[in-house]
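Owing to the predicted nature of the structure, the values given are computational and were not obtained by experimental measurement. So that the names make sense, note that chain A is the first sequence line, chain B the second, and so on, each numbered from 1.
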Amino acid sequence: MKAFAYVNAANEKEAVAALGTERGAVMPIAGGMDLLGLMKDYIAQPDRLVNVKNLDRTIRKSSDGGLRIGAAVTLGELASHADAAKLYPALVHAAAEVGTPQIRNAGTVGGNLNQRPRCWYFRNEEFNCLKKGGSRCFAVDGENEFHAIFGGGPCHIVHPSSLAVPAIALDAKFRIVGPTGEREVAAADYYQTPDRNLLGETVLAPNELLTHVILPAPGGARNATYEIRFKQSHDWPLAFASVALSMNGQAIRGARVVMGAVAPVPWRSAAAEAALTGKQMSEQVAMAAADAAVTGAKPMTQNAYKVQIARTAVKRAIMKAAGLTVPV
Amino acid sequence: MPSKRKDEPGFSRRTFLKTVGAGGVAVGVIVPADVAEAQGTARALGPGPVPVQLNVNGRAHKLEVEPRVTLLDALRTRLDITGVKRVCDRGACGACTMMMDGKTIYSCSTLAIEAQGKTIRTVESLTQGTVLHPVQQAFCDRDGLMCGFCTPGFVMATVALLEQNPKPTAEQARKALDGNICRCGTYVRVLEAALNTSARGPRAALEGSAEGAAARERAGVGPREQGKDARRG
Amino acid sequence: MPAVAKQQQQQPPAQTPPAQPQPPAQAAPPQFPAATTARWPAPADRAHIGKSIKRLDGPDKATGRAKYTYDIIRPGMLYARLLDSPHPSARVRSIDLSAAEKLPGVRAAIALKGPDNPATSKVMYQGEEVAAVAAISEEVAQDAIRLIKVDYEVLPHLATVEQSMRPEAPLVFEKGNTREPTLQQDGDLEAGFKAAAHIVEGLYSTQVQTHTSLETHGGICEWNGENLTAWVSTQAVHATREGTARALNIPQTNVRVITDYMGGGFGSKLGGDVQVVICARLAKLANAPVKLLLDRKEEHLVTGNRPSAFAKIRAAVDANGKLLAIDAETWGTGGAGQGSNFPVPYQVYVFSSRRQRHKDVYINAGPQRAFRAPGHPQSCFVTEIVMDELADRLRLDPLELRLRNLPPEAENAQWERYFKMGAEQIGWSKRHPTGDSVTGPIKRGMGCAANRWGGSGTNRSRAACQIHPDGGVVMQVGTQDIGTGTRTLVAIVTAETMGLPIESVRAAIGDTNYPWAPGSGGSVTAPSVTSIVRVAGDAALQQLFAKVAPALKVADPSTLVARDGRVHVASDPKTGMTWKEACKLIGTDPIDAPATWQTGLSATGTSGVQFADVEVDIETGVTRVKRIVCVQDCGMIVDKLTAESQCYGGIIMGLGFALFENRILDRNTAQMVNPNMEWYLVPGMSDIPQIDVTLVDQPTRGVIGLGEPPVISTAAAVGNAVANAIGARVRTLPLTPAAVLSALERERAGGTL
């Protein structure tokens, strides 16, 4: 990788101070699980790295009964947090399924939320694609079996974060700090489609940091994440879904249904939510909601199969959230 | 986690000046160090070589490496600690697995500069003289290895598993070892080794079984020193 | 123990007439045993052979002490990196090394494409070597590579077989983008189809697979004057020496190749390779040792692959289940200018007539190389899927169809016996007809397939055995242990021969200073090496017996045996002496017995079968293999433990071929989109099913190689199991969720069965 200078920021203040305004010139390094690979492939070529592992690395109960997760918490720490697992299984299960034990021991919550796409055109230097400032998305008429079935265009990546999807399903907020102070952004507003942001995927400016995931009190919401992957040992999910249901017995009062690995951003389905609200839970109801979730999908030339997989992920996430048995 | 301060090993006026003169970027170095601290800005190290101290297998090592050098490359090429291997260099195969502060990591995806102040254990830490660690012994007994290139990584992952969970279920063991790839296909026997590792303590593997020792005694021939000078026959 | 040779050794030197000066008395030269005299011990007499013996180098590997090529650091060593062409088809117009050469720390830089020479200026696939740099660290070498300026004239390229086969395709390959089709036929095809009760017709295909050895290709080159020592990650030290010397245009005797340990090859490292040649040139230029090893991306691009296979097949069977005819049009790509042939039908089942027309298709991709049983996994897959399809038409148990069409039983044709054994183990009688009717999305299914392979010994193999006066035994043979356990086999056979424990003998391998042995490909190593080691050990032992016999007052040394650490008359174990005492009688110089080939210790021709039990989730298309049953032979088993590991390993590689592995090129740019281990997927721990291996020992048959047979039939068995589970036919590999869902959809629309 290109040589860089390294700043070992001791805290949030030092970290922000060391960042810059030019995209890609100064970059934060958390676990390094994503960034170092990007740098070895020369997709990222920062002049300086700023250590952000000294940001908040705690998981704390909030005064309102919610949970406040520091961005420097590792995926392994989140996956083994008993209280978080009880209240927010959708998030904790997703954390536990990321990568491998070694990745989870170093990879952080903030790093996972901010990771760059896995698209093989983006990750290979030979392809000067739109997202890197080039003129073309190679997936359109190329190898797009793992690309988007919703929301694609002009770039057709799927967003790779496992945590972003349950974060949105759980109505989380992210705390962001920058040189002018701090702000909170709803997780649902954090990710941007390619037509709004081509060179990046989030609202985060180059001199800002995501410091916390703020979860509201679950309020009895039943939530679950269901992932479908092919290779079981270590692979990216083909599609997954996180669902949060507020139920009264078997009656569904409200729902949040979010899909992952199907679009350039986590993809929330109002249609699926409408198909659930006011119904009595059953496999048929879940199936109908899943059908609604994938209505309007726009598959590319190689990824029509993803529609079926996304549909199954939504159905099984709904059933799992409601406590019904689903295949493991 | 402490940041680099003036009184820590590795920081010196020389280092400070080196980073100024390294060419390329010199951000954060325009102001003197103590003023920078007062302003809440930390100093930049590199991009040229900087002093890095690594605690590996109980020994302190002082190196000078660029910030971009991974922990894997620092160990293999600067310290001749080569049990850990480089195979994919992207955190996808586990051949570089070692333990840092008691947890397995991909050392290819860890900067050497960020491994300072941590306790690093590689496969070389497991053997006591010629006495194999029970996990290593189990791998040999069960033939959980073929070409052996993935073996140190698997051994470390197994050691980490058993240190946390001495009696794992098969499912727990599989998940713990999912971060390691073997192209020769030793998984079946690696799993057997992981699930059947003796807790009885290290045994002298190189001396072999009691029967073997008795046979050698009869022949008047000593134990073969395995692996030594095999090239010279 | 040849009686004739012993007599010769005991003859006094020839007498000369007293009038002439007498030459000093000399010991008779050691006599080699006559041909075909070395034998394996009777099965009842075997101390080590056939047992489960632990790998000798296990501790070295498990402790990290083993030094692979990648690990070795030579004094003053430099690190080299290559500049690889990003373009799949181009002409190099110019290469400017100046900026790289000026970078501090760079010690040598060479251009590898010659712009002035049309023969060496063209690039035919992404990854081809264009320039190389050696520097004081890998980081500097890598920085230097990125400073090299290359002016490419980008040329038209071919990314897929479809593009290449189009008549209007640009002529990328001088002699044509495709090769003239070959034709093979036997029997009366027309009559066969006329008599058919059922005909199956379909298009079948398998994908390009890369070897993905964990240790990449390359080596360390160090010159001493005009002599080159190369530590190389290779499966063939002698072939590497020969190829490297030839490429450098230096005498072979100036080159020594050493491979103590290597991290996998699977067929991609069978000879002198370009990385070592480049490395040697850099080392000469820089006057320092140089290490050049490929990175993972380069490894995927340029070190070979298993070609793709496509087959348009028509097959006919009569009402009784007798195979009548198979007509195949096949093609595939081995990349740039390379072949892709594979036999149809796979040569297990007997078809009365057959025809195959095969066309090699070239594309701008890395050239193919031998990959564990070349041609066989592809051939087995397409043939075995057709077999199940024919069985379904007949409403016949697919196992029964196979049993009705096997060749006569022979020691190298045991499929009937193995099919029955495997069927019993997996519970084949519980197999439902095609399409699991259980409710719910998880469907179960079973399938089977057969494999065959050769695996014979190479009769040019050599070895040399030394027995030292202090009792030490060394067996030198210029073979290499690529992870198969060869080092252990050498020690087993040597120890068996000398009647010693395995730890008391030394296997000296992995060095061209040792006698010639073949490269470890084609499953020839075990039969070649164990045979020649037996002969050499026996020859050395006979020399020892010649020294011991007089001390024991035994007239005929051939009545002596070495067993359990003693040397004694065969019929009287209480007599004799210890091994150590015997060796003291050698004198001051060790016994040194070279050996040449003898027949009878090795054999050729293995058979095997595999059964698969799978679970398919029809709502996701995800296949999970639950169990593989393997029944396999390999002639005389030398080490049961390592032989079983070979079977596990081959099966797991077969699972990768079945489900996960695929070298994917962008169809427009011909560049590989997954040259890494994130998207080129090989099985991991949680993907491994229960695997039951039954190795059938043929203890009097001779040793046969086992490296390749176990990889051949796994994917076919899995493919058949998937069809049995889901009630739809998938005719392609890999069996991805997309492929399974697509087959289900086509079945619902009108049938695939």
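- Contacts between C:Met262 and chain B at a heavy-atom distance below 4.5 Å involve the backbone alone (N, CA, C, O).
- Each of B:Asp143, B:Asp178, B:Thr151 has some count of heavy-atom pairs under 4.5 Å with chain C, and the biggest count is that of B:Asp143.
- By the 4.5 Å heavy-atom criterion applied to side chains, B:Lys85 and B:Arg76 are counted as neighbours.
- Contacts between C:Ile73 and chain B at a heavy-atom distance below 4.5 Å involve the side chain alone, from C-beta outward.
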**Prompt:** Do C:Val237 and C:Asp511 pass the side chain to side chain contact (heavy atoms under 4.5 Å, CB included) test, and can you show the C-alpha distance, the side-chain angles, and the key distance before you say yes or no?
**Reply:** CA-CA 6 Å; C:Val237 289; C:Asp511 190 333; over 6 Å; no
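- Remark: side-chain polar atoms of B:His133 are paired, donor with acceptor, to backbone N or O of B:Val135 under 3.5 angstrom.
- In this structure, chain B has a heavy atom under 4.5 Å from the side chain of C:Glu138, while its backbone stays farther away.
- The candidate from B:Cys147, B:Gly83, B:Gly185 with the greatest count of non-hydrogen atom pairs under 4.5 Å with chain C is B:Cys147.
- Here the CD1-SG distance, from C:Ile691 to C:Cys647, works out to 10.0 Å after rounding to the nearest 0.5 Å.
- B:Gln53 contributes no side-chain N or O that, together with a main-chain N or O of B:Lys62, makes up a donor-acceptor pair within less than 3.5 Å.
- Among C:Lys291, C:Glu139, C:Glu678, C:Met77, the residue with the largest count of heavy-atom pairs under 4.5 Å with chain B is C:Glu139.
- The shortest side-chain heavy-atom distance between B:Val69 and C:Ser137 does not fall under the 4.5 Å cut-off.
- Of the two parts of B:Leu177, the backbone and the side chain both hold a non-hydrogen atom closer than 4.5 Å to a non-hydrogen atom of chain C.
- Looking at every heavy atom in both residues, B:Tyr187 comes nearest to C:Gly684 through OH-CA, 3.5 Å.
- Contacts of B:Arg86 with chain C are made by both backbone and side-chain atoms, with heavy-atom separations under 4.5 Å.
- A donor and an acceptor atom, one from each side chain of B:Thr122 and B:Asn57, are located under 3.5 Å apart.
- Heavy-atom pairs under 4.5 Å with chain B were tallied for C:Ser686, C:Gly649, C:Gly263; the largest tally goes to C:Ser686.
- Within the 4.5 angstrom heavy-atom criterion, atoms from both the backbone and the side chain of C:Thr642 approach chain B.
- Interface residues of residues 103-111 of chain B toward chain C, defined by a heavy-atom distance below 4.5 Å: none.
- Residues of residues 152-168 of chain B that come within less than 4.5 angstrom of chain C, heavy atom to heavy atom, are B:Pro152, B:Phe154, B:Val155 in numerical order.
- Most heavy-atom pairs under 4.5 Å with chain C: of the set B:Val190, B:Val188, B:Ile181, this distinction falls to B:Val188.
- Using modelled atom types, one finds a donor on one side chain and an acceptor on the other under 3.5 Å when comparing B:Gln136 with B:Thr127.
- Side chain of C:Arg55 to backbone of B:Leu145: a donor-acceptor contact under 3.5 angstrom is found.
- With hydrogens and angles ignored, the 3.5 Å screen pairs no side-chain donor or acceptor of C:Glu299 with any backbone N or O of C:Leu294.
- For the residue pair C:Thr259 and C:Gln480, no side-chain donor N or O sits within less than 3.5 Å of a side-chain acceptor on the partner.
- Side-chain atoms of C:Tyr261 and C:Asp60 include a donor-acceptor pair closer than 3.5 Å.
- The candidate from C:Leu214, C:Ile652, C:Thr212 with the greatest count of non-hydrogen atom pairs under 4.5 Å with chain B is C:Leu214.
- Of the two parts of B:Asp80, the backbone and the side chain both hold a non-hydrogen atom closer than 4.5 Å to a non-hydrogen atom of chain C.
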**Message:** Pair C:Thr488, C:Asp639 - check side chain to side chain donor-acceptor pair (under 3.5 Å), show working.
**Reply:** CA-CA 8 Å; C:Thr488 307; C:Asp639 179 355; 5.3 Å; no
**Asked** Stepwise, does the side chain to side chain contact (heavy atoms under 4.5 Å, CB included) test hold for B:Arg189 with C:Glu644?
**Response** CA-CA 10 Å; B:Arg189 290 181 154 167; C:Glu644 286 163 348; 2.4 Å; yes
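- Of the listed residues (B:Lys175, B:Glu171, B:Arg68, B:Arg142), the greatest number of heavy-atom pairs within a distance under 4.5 Å of chain C belongs to B:Arg68.
- In this structure, C:Gln646 contributes its side chain and C:Pro710 its backbone to no donor-acceptor pair below 3.5 Å.
- Residue contact with chain C, scored on non-hydrogen atoms closer than 4.5 Å, involves the side chain of B:Glu66 exclusively.
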